[in-house]
Amino acid sequence: MCGIVGYAGRNAAAPVLIESLKKLEYRGYDSAGITVLGSGIETYKAVGKIINLESEIPKKLGGTVGIGHTRWATHGRPNTENAHPHNSGVNPEKISIVHNGIIENYMALKERLIGEGYQFKSETDTEVIAHLLHKHIYGKPDGKEAQCELLVGLREALKEIEGSYALGIISADEQGKLLLARKDSPLVIGLGKGENFAASDVTAFLNHTRDVIFVDDFETAVLSPSGVEIFDREGNLKEKKIEKIEWDFEAAEKAGYEHFMLKEIHEQVTAIHDTLAGKVSELEGAIYLNELNLSEDEIRKLSRVQILACGTSWHAGLLGKYLFEQLAGIHCDIDICSEYRYRNPVMNEGTLAIAITQSGETADTLAAVREIMSYNCPTLAITNVVGSTITREANSVLYTRAGPEIGVAATKTFSTQITLIYLLAVKFALVRGKLSHDYVKSFITEIRKVPGEIQQILNQKEAIKECAENFAHAKSYFFLGRHLNYPIALEGALKLKEISYVHAEGFAAGELKHGPIALLDEGTPVVAIATRGQTYEKMLSNIKEVKARDAVVIAVADSKDTEIGKYADIVLRVPQSDELLAPLLSIVVLQLLSYYTALARNCSIDKPRNLAKSVTVE
Ligand code: F6R
């Protein structure tokens, strides 16, 4: 998740862009940059916070039109070359662009453009758009004469791009203009007097105007100091509604949600979509994990996977154990990192270590990884933070594309971690001949439906809220699950403990009768994850055991399950889905249940007591 900004007005653009970028810093903060249209394209970039960029910019920089970007790295490390804006054109540069989103076919486009003589300075997917656009306008890398208008060239270039984008574009040959384009990434225009603004979200320009136009998918726009024109996909001028923003800055930063956690729960729709982007092909039944430094032969020879993680990431890893063994037939062990180092682990030939850590900085995880690497074991890191310590130590890195997670309780980083684990397990199964291409095709069809299915759950969150409010003052909560739902039960309990301070325990449902059932008494809420699958009938038996002790059963069940209502007191529904993928849906219900419980108990949701977002001490 990055932030883009743009300005077309009569004042100096640079200070306005810097002010706007500071407001968007929460969207990404590993590097930043601006371009203003002075006598030509003038670009400044810096690694780190916006103040670093600010100190690079000359005090009296002219130019009243410009674009800016604050980056949360997805393709390429955080350094000045990879920072936006990205430019195209040779002596002088002609075009400058900023981008938020992911271009899925960038490798194919990049190879083609290199073949045509374009030279790339960065590792980003975005630079491809700059050169592609240049090619459509100037014909060749050193072309000097524009053969068409910027807007016409943009429309042609967009036809070749697959993926998501919010783009801000300026051209040395079209002074006084700022162009925008959008597909699947947020983009909003702010209307001022003699000046107009653009940004990924309204917080960027709320100090200047509250009159806005939201840009929709496939629209392009041209901003000048005196006006805004918006066009549809075919290039027809569109009438758009002007809306008034009533939020204060703090509410706007959270996109109108009361807490970052709730915003981040909602962002799972795009986060999972982005994590899948460019990694799956339904047509070919293929999964591309190009960042994995393991050949197919090495994947076939693996005898064991060792997962290392802490907390929520450990729950993602536990799901991984089930998947690697069940789908790919690879023996899989999982350890809590703080334990791993002190138990003198036995190392087998052919072990792949997978470290899961959203922050990439957890001290226990880093220590466990160093321990396992001392046995010359290849290591794969799954993390959300480009450039974090783990990415510099592991042999391969797969990134979740969840964007910055501000709420201390992990939500969207968990669901994107498990998205990557599904891809890894299915890929390994395919390479090892355990699954067919046809199966993989249908798996890809199903996993691509998940973001939409999560949206359906979010649309019905009132039912979950009501349930949370009814039990907000319970002394204890229990979470039960079997098979793939067992890690989800553990994660549901952890979420509730962390943010609402209610005592909660997660159990493998079959274990209940071996002890924990003694804790149940009248009215204890027991959340039973009972989506359809191989353990459904057994789960019903466990629900009956619980009911017999007068506890209250809150079942998480499929939308089409007509049986569950006979046994459970309350049923929270998820869309009917593939059994394998149901955990990605059930977890959203449990996150919302925790969130609304904490809200009803008036807890500090985004910053729970005693907890830190990244635990950098052992
Ligand atoms: C729970 C939570 C923690 C982390 C744990 C590991 O919501 O966020 O349990 O999962 O501290 O952190 P990472 O994934 O950064 O290694």
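Side chains included, hydrogens not; waters and symmetry mates left out as well; all remaining heavy atoms used. Only a predicted model underlies this, so the values are computations on that prediction, with no experimental measurement involved. In listed order, ligands and their atoms are each counted from 1.
Per-residue contacts place S313 under 4.0 angstrom from the following atoms of ligand 1 (heavy atoms of the residue considered): 10 (O), 13 (P), 14 (O). Residue G311 has at least one heavy-atom neighbour below 4.0 Å for each of these atoms of ligand 1: 9 (O), 10 (O). Close approach to A410 involves these atoms of ligand 1, each under 4.0 Å from a residue heavy atom: 7 (O), 8 (O). Close approach to K495 involves these atoms of ligand 1, each under 4.0 Å from a residue heavy atom: 1 (C), 7 (O). In summary, the atoms of ligand 1 found under 4.0 Å from a heavy atom of A409, numbered by their order in the structure, are 7 (O).
Seen from the ring of Y536, R532 counts as a face-on cation partner, given the 6.0 Å and 45° thresholds. The side-chain tip of R609 points at the ring of Y501 from less than 6.0 angstrom away and within 45° of straight on. Cation-pi geometry between K254 and F260 is satisfied (NZ or CZ under 6.0 Å from the ring centre, within 45° of the ring normal).
Atom 5 (C) of ligand 1 has as its closest protein heavy atom C310 O, 3.8 Å. Of the protein's non-hydrogen atoms, the one nearest atom 15 (O) of ligand 1 is S359 OG, 2.6 Å. Protein heavy atom at the shortest distance from atom 10 (O) of ligand 1 is T312 N, 3.1 Å. Looking at atom 11 (O) of ligand 1, its nearest protein heavy atom turns out to be V615 CG2, 4.0 Å. When hydrogens are left out, the protein atom nearest atom 12 (O) of ligand 1 is T362 OG1, 3.4 Å; that is the closest non-hydrogen contact.
Contact annotation: for V408 versus ligand 1, heavy atoms closer than 4.0 Å belong to the backbone alone. Looking at E498 against ligand 1, only its side chain comes within 4.0 Å, counting heavy atoms.
Here the straight-line distance linking atom SG of C337 with atom CH2 of W314 works out to 11.0 Å at 0.5 Å rounding. The distance from atom OG1 of T597 to atom NZ of K465, rounded to the nearest 0.5 Å, is 11.5 Å.
Side-chain atoms of E491 and T312 form a donor-acceptor pair, as typed in the model, at a separation below 3.5 Å.
Taking the six-membered ring where the residue is Trp, Y257 and H266 present tilted rings, their angle falling between 30° and 60°.
Here Y477 and H503 keep their ring centres 6.0 angstrom or further from each other. Aromatic ring centres of F479 and F507: separated by at least 6.0 Å.
By the 3.5 Å distance cut-off applied to N or O atoms, Q417 is not counted among the residues near ligand 1.
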